[in-house]
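Worksheet: the structure to be examined is printed underneath.
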Amino acid sequence: MTREDSIDFSKRIAVLRFPLLFLIVCVHARFSGEMMAGRPQPEMYLWLQDRIFPQFLIVAVAAFFIISGYLVTFKLKPEERPTIGFYLKKLKTVLGPYLIWNTLLFIPHYLLPKLLGGAAFLPKNKFEGMGVPEVLGRTYGISAYRPIVEPLWYMRNILVFMFFTPLWLPLLRVLGKWPALAVAGVLIAVWPEMGAGFFLLGAWLGVYPVKLAVFDRTWGGWLAVFAALTLAAQFEVFFCEPLYYVVTLALFYKAGGAILGSPKASAACMALSTGTFFLYCAHAPVATTLDRILLMTGMLQRGWQFFTAFWIVVGLTILICYAAFYVIARWMPWLLAWLSGGRVRQGNAPSS
């Protein structure tokens, strides 16, 4: 990536942190199948939730993988490798919060079902019948388990990818520009859910000079392709998903440029980027608890009611998490330092 493109890309990353995280909050604010069991099943809402929302929203995770890979390589000179200081910093900013948040959430997940039984506002007991190894695996995302704070699977995978940097970075350089891009493309097509291909794509952007102006073409063309792929995905057209990722990521990139072009929008996104890491770590348990409370009221019967409740949960989740962030930042900055891996002032999103 050229120096000018690198500066522009970094600016787009900064203004896209909150919009991308907003989409991730939306993913976890949906009423899950477990919650909906035995309740009214509004077809239109379920179709939107299960077929339309995930296609667009989950691509935000792919965007964060690309950003993370880019941040590993974009400052490195040719043939330079990350230093020991780089790995020590990542242990502090990624591994530390990963262990702390999962440990904190283990306590209520383990104790509350025992103390309060099957209360409707509590999640299902995730540790029933498990021995110590299985409990540890479920809590910290070891082996096939996702961690107890499910969105943090992204951080776990990032730690693995970074650990193997001494292996994949020389390979990325030896392969050359286009073969390396092809490898990333194959990983995205074959194994998109783990994020390795997207992470490698981000690292590729940091290593090789590439012009990204092609992604700044008119909205109409990208939106038309996006709509066509959305329709094709409903019929599970072969190889539609990788193309969908590419087009949606291009739309995110263009959106970043549009935000930068508006001083007010740019200032708002930069202000909201404060505390995004805290929001990322805390939003899932808040959102799912709010979902259960709303379902307990018995007022959700029709599709439009579920759809309205969904957006209420999204808004309340963000407000509660930001309120908690600012209270902790004001009165207990030492605690925020532990929870955010040192991101006290900036509160950057998980890619940083």
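Any value given below was found using the heavy atoms of this structure, including those in side chains, with hydrogens, waters and symmetry copies removed.
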Review point. Do the non-hydrogen side-chain atoms of P166 and Y87 ever get within less than 4.5 Å of each other?
Key: yes
Revision key, fill the gap. Interatomic distance, CE@M296 vs CD1@I293, rounded to 0.5 Å, equals 7.0 Å
Exercise for review: Start with the C-alpha distance between F161 and L200, add both sets of side-chain angles, then the distance that settles side-chain contact (heavy atoms from CB on, under 4.5 Å), and finish with yes or no.
Suggested key: CA-CA 9 Å; F161 301 155; L200 192 62; over 6 Å; no
Revision key, fill the gap. Sorted by chain and number, sequence neighbours left out, side chain to side chain contact (heavy atoms under 4.5 Å, CB included) with C321 holds for L279, A282, H283, V286, T317
Check your understanding: Do you know the tightest heavy-atom contact between Y322 and T274?
Key -> CE2-O, 2.9 Å
Review point. Can you name the residues that form a side chain to side chain contact (heavy atoms under 4.5 Å, CB included) with K11, not counting sequence neighbours?
Key: I7, L260
Review point. Can you find a heavy atom in the side chain of T73 that is under 4.5 Å from one in the side chain of L205?
Key: no
Review point. Do you know the tightest heavy-atom contact between I24 and H28?
Key: O-ND1, 3.1 Å
Point to revise | Cluster overlap W304 with V313, hydrophobic side-chain contacts below 4.5 Å | key: no
Exercise for review: Can you see which heavy atom on A60 is nearest to which on L23, and at what distance?
Suggested key: CB-CB, 4.0 Å
**Study point:** Common cluster, L91/V72, ILVMFWY with side-chain heavy-atom separation under 4.5 Å
**Key:** yes
Exercise for review: Verify the ring-centre separation between W153 and F65: is it less than 6.0 angstrom?
Suggested key: yes
Review point. Looking at F127, does the NZ or CZ of R138 lie under 6.0 angstrom from its six-membered ring centre and within 45 degrees of the ring axis?
Key: no
Revision key, fill the gap. Here the pair of heavy atoms bringing W311 nearest to C26 is CZ3-SG, 4.0 Å
Review point. With a 4.5 Å limit on heavy-atom distance, are the side chains of P147 and W101 in contact?
Key: no
Could you pull out every donor-acceptor pair under 3.5 Å between side chains of residues 187-195 and any protein atom, sequence neighbours left out?
none

Point to revise | Considering all heavy atoms, the nearest S273-A14 contact | key: CB-O, 4.2 Å
Exercise for review: Using the rule that two of Ile, Leu, Val, Met, Phe, Trp, Tyr join whenever any of their side-chain heavy atoms come within less than 4.5 Å, decide whether L335 and Y98 are in one cluster.
Suggested key: yes
Point to revise | Residue pair F31 / T288, side-chain heavy-atom distance below 4.5 Å | key: no
Exercise for review: Output the distance between atom CZ (F306) and atom CE (M299), rounded to the nearest 0.5 Å.
Suggested key: 11.0 Å
With a cut-off of 3.5 Å and sequence neighbours excluded, list every side-chain donor-acceptor pair involving residues 169-183.
{"unit_1": "R173", "atom_1": "NH1", "unit_2": "E80", "atom_2": "O", "d": "2.7"}
{"unit_1": "R173", "atom_1": "NH2", "unit_2": "K77", "atom_2": "O", "d": "3.3"}
{"unit_1": "R173", "atom_1": "NH2", "unit_2": "E80", "atom_2": "O", "d": "2.8"}
{"unit_1": "K177", "atom_1": "NZ", "unit_2": "P209", "atom_2": "O", "d": "2.6"}

Check your understanding: When hydrophobic residues are tied together by side-chain contacts of less than 4.5 Å, even through go-betweens, does F164 share a cluster with I158?
Key -> yes
Check your understanding: Does some side-chain heavy atom of F22 sit less than 4.5 Å from a side-chain heavy atom of L272?
Key -> no
Point to revise | Step-by-step side-chain contact (heavy atoms from CB on, under 4.5 Å) determination, Y253 to L16 | key: CA-CA 9 Å; Y253 179 81; L16 283 173; 6.0 Å; no
Study note, to complete from the structure: d(I100 CD1, L105 CG) to nearest 0.5 Å is 12.5 Å
Check your understanding: Looking only at heavy atoms, which two atoms of A29 and D291 are closest? And how far apart?
Key -> O-OD2, 2.9 Å
Check your understanding: Got I67 and F64 here, is their nearest side-chain heavy-atom distance under 4.5 Å?
Key -> yes
Check your understanding: Can you tell me how far the CG atom of L99 sits from the CG atom of L152, to the nearest 0.5 Å?
Key -> 10.0 Å
**Study point:** Check: S266 side chain, S262 main-chain N or O, donor-acceptor pair, under 3.5 Å
**Key:** no
Revision key, fill the gap. Between the CZ atom in F252 and the CD1 atom in I259, the distance rounded to the nearest 0.5 Å is 10.5 Å
Practice item. Could you tell me whether L88 atom CG has more than 12 heavy atoms of other residues or ligands within 6.0 Å of it? Key: yes
**Study point:** Pairing residues for T103 by the side chain to side chain donor-acceptor pair (under 3.5 Å) criterion, not counting sequence neighbours
**Key:** Y140
Check your understanding: How about C269 and R17: do any of their side-chain heavy atoms sit closer than 4.5 Å?
Key -> no
Practice item. Decide whether S68 and Y154 meet the rule of one side-chain donor and one side-chain acceptor closer than 3.5 Å. Key: yes
Check your understanding: Are side-chain heavy atoms of C281 and V149 found at a separation under 4.5 Å?
Key -> no
Contacts under 3.5 angstrom, residues 323-333 side chains, donor-acceptor by atom type, not counting sequence neighbours:
none

Check your understanding: Can you hop from L319 to V314 via hydrophobic side chains spaced under 4.5 Å?
Key -> no
Check your understanding: For the atom pair CZ (F277) and OG1 (T93), what is the distance rounded to the nearest 0.5 Å?
Key -> 7.5 Å
